[in-house]
There are 2 protein chains.
Amino acid sequence: MARTKEFNEDHALDKAIEIFWHKGYNGTSAQDLVTHLGLSRSSLYDTFGDKQQLFMKSLQRYQLQAQESVKELLEKSENVEETLKAIFKQAVIESLEDRITKGCFMVNSSVELAMHDEEIAKIVKSNSQTMEEVFTNAVKKGQEAGHISKQLDAKVLARFIFNNYCGIRVLARAGERNKQVYDDIVKAVFSVL
Amino acid sequence: MARTKEFNEDHALDKAIEIFWHKGYNGTSAQDLVTHLGLSRSSLYDTFGDKQQLFMKSLQRYQLQAQESVKELLEKSENVEETLKAIFKQAVIESLEDRITKGCFMVNSSVELAMHDEEIAKIVKSNSQTMEEVFTNAVKKGQEAGHISKQLDAKVLARFIFNNYCGIRVLARAGERNKQVYDDIVKAVFSVL
DNA sequence: CCAATTCAGGAACGATTGTTCCGTATTTTT
DNA sequence: AAAAATACGGAACAATCGTTCCTGAATTGG
């Protein structure tokens, strides 16, 4: 009965993630979205509602993608310390090679919007909680296997790790291009584990 | 020959810091500035140029204020570890009691603008460098006095400390109100020193 | 073929953006 | 007192903002 959608909704969301990630919410105009997503104004608004809804869907999709990989890596890991190191190393690589430094979409959004938009705040909070759980479980496993020191509680270490992970993403967003800076931070972090 | 200014320029800048800090650059409108600074549009533009210039002057003034206190505290300190603990404790207190969570103006600005405004990027970079130096010198002093472990280089520790400091400020901006989270991070950080 | 649905494109909306300008009031110096 | 300079409030600017709506073409299933 009806014409089928010509564009893939998820693919369009990925494009939205890109530009929101790069320019932020307030920095991205409706015209930016039209240009970057390759949709017409009408299709865009028909499909995603308004700008705020599109942003939230983008952020939620990003959260899903970002959490999935870390969670899976850590749960399947047989040496948590090594896996954590690999995760940090990957973050450093991304920070350095990203020609347009984007940092972390979640961190950027939480700084820009969390205190002014309650719905965004909810997403940020849910992300923090999930990440804390994922890291806590991982650390516990690492401690039981003897790969991570038991001197500090798993939850303490999890929060500590997450804090440094966020810090590194801010550093990247600020345009830090000196690999040594990142390596030093990672080195100090892992001296605790 | 001429009429004297009725308002204090620095006091106006402090007001500008407040609102830019709270709402960000893109989130603050010209009307917001007029209302919050208590100046007329004309006086505002005559005195500070345009919005971007006012923002830069605000950020520079903030940088001066923020650096001054930390620098002085650490240079006068006789036990660097204790002083660093006090500085972190203070950051935690501010994060918790700040009813409108503002985080750190420098961190917020670097996330929002550093990659889109070269002049802001310069300020951010100069801030990072200065803070790194201040922390490095402090750590060196602490290591020589035996208050801080020599297991890691002073510069490594300085970058590590700064990273966690930024992370905590992001956490605050994101609206974290659980003191235990901050305390855990601080605990883990100081287990390295 | 018909009816239904979605597409793209662009005109148009009112609101708000940052900025400029003008007339008037006020204060200072000569 | 006169003259110069600046602050002030507010009107007005063009531009852009997010959003809505309309048009006609395209594509689908019945």
Side-chain angles (χ1 to χ4, degrees), chain A residues 1-60 105 108-109 112-113 116-120, chain B residues 1-60 105 108-109 112-113 116-120:
Chain A
M1 284 199 192
R3 184 174 171 180
T4 55
K5 270 198 204 306
E6 289 189 3
F7 61 93
N8 180 288
E9 198 162 317
D10 280 343
H11 184 257
L13 266 186
D14 286 335
K15 286 287 185 184
I17 290 177
E18 277 184 16
I19 193 156
F20 278 134
W21 191 351
H22 176 48
K23 295 193 164 194
Y25 179 79
N26 285 314
T28 303
S29 70
Q31 186 53 46
D32 285 336
L33 291 168
V34 169
T35 304
H36 198 77
L37 300 211
L39 304 186
S40 65
R41 271 179 152 63
S42 30
S43 303
L44 208 158
Y45 276 85
D46 284 352
T47 310
F48 298 107
D50 59 12
K51 186 183 169 187
Q52 206 259 2
Q53 288 178 51
L54 173 56
F55 186 87
M56 294 212 15
K57 281 176 190 159
S58 303
L59 189 57
Q60 279 165 337
F105 188 25
N108 299 351
S109 302
E112 184 187 4
L113 302 171
H116 300 106
D117 186 316
E118 210 167 316
E119 309 209 57
I120 301 289
Chain B
M1 285 198 193
R3 184 175 172 181
T4 55
K5 270 199 206 304
E6 288 189 5
F7 60 92
N8 180 287
E9 200 162 315
D10 280 344
H11 183 256
L13 267 186
D14 285 335
K15 285 287 185 183
I17 290 177
E18 278 184 16
I19 192 155
F20 277 135
W21 191 351
H22 176 49
K23 294 193 164 194
Y25 179 79
N26 285 314
T28 304
S29 69
Q31 186 54 45
D32 286 336
L33 291 168
V34 168
T35 304
H36 199 78
L37 301 211
L39 304 186
S40 66
R41 271 177 151 65
S42 31
S43 304
L44 207 158
Y45 275 86
D46 283 351
T47 309
F48 298 107
D50 59 12
K51 186 183 169 186
Q52 206 259 0
Q53 288 178 53
L54 173 56
F55 185 87
M56 294 211 17
K57 280 176 191 159
S58 304
L59 189 57
Q60 279 165 337
F105 188 25
N108 298 352
S109 302
E112 184 187 5
L113 302 171
H116 299 106
D117 186 317
E118 211 167 316
E119 308 208 58
I120 301 289

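FYI, side chains are in, hydrogens and waters are out, and symmetry mates aren't considered; it's all heavy atoms of this structure.
- Side-chain atoms of B/Glu112 never come within 3.5 Å of backbone atoms of B/Gly24 as a donor-acceptor pair (strictly under, hydrogens ignored).
- Using a 4.0 Å heavy-atom criterion, one finds that B/Ser42 contacts the bases of the nucleic acid, with or without backbone contacts as well.
- Where A/Asp46 and B/Arg41 meet DNA chain C, the nucleotide closest to each residue was compared, and A/Asp46 sits on the side nearer the 5' end.
- When rounded to the nearest whole Å, the span between CG of A/Leu37 and C1' of C/dG9 equals 16 Å.
- With rounding to the nearest 0.5 angstrom, the NZ atom of A/Lys51 is 6.0 Å from the CG atom of A/Asn26.
- As rounded to whole Å, 14 Å separates atom C1' of D/dA12 from atom OH of B/Tyr45.
- In this model, a donor atom of one side chain and an acceptor atom of the other lie less than 3.5 Å apart for A/Ser29 and A/Asp32.
- Between A/Phe105 and A/Phe20, the two ring planes are parallel [angle under 30°; tilted spans 30° to 60°].
- Rounded to whole angstrom, the span from the CG atom of B/Leu33 across to the C1' atom of C/dT16 amounts to 14 Å.
- The separation between B/Leu44 atom CG and C/dC21 atom C1' is 15 Å, rounded to whole Å.
- Rounded to whole Å, the distance from CZ on B/Phe55 to P on C/dG18 is 13 Å.
- In this structure, CZ of B/Phe20 is placed 9 Å from P of C/dG18, rounded to the nearest angstrom.
- Out of C/dT19, D/dT19, C/dA8, the shortest distance to the side chain of A/Leu39 is found at C/dA8.
- In this structure, B/Ser40 reaches the bases: a heavy-atom distance under 4.0 Å links it to at least one base atom across the strands shown.
- Note: CG (B/Asp32) to P (C/dT16) measures 12 Å, nearest angstrom.
- At C/dA8, one or more side-chain N or O atoms of A/Ser43 fall inside 4.0 Å of OP1 or OP2 (strictly under the cut-off).
- Regarding B/Gln31, its CD atom lies at a distance of 11 Å from the P atom of D/dG10, rounded to whole Å.
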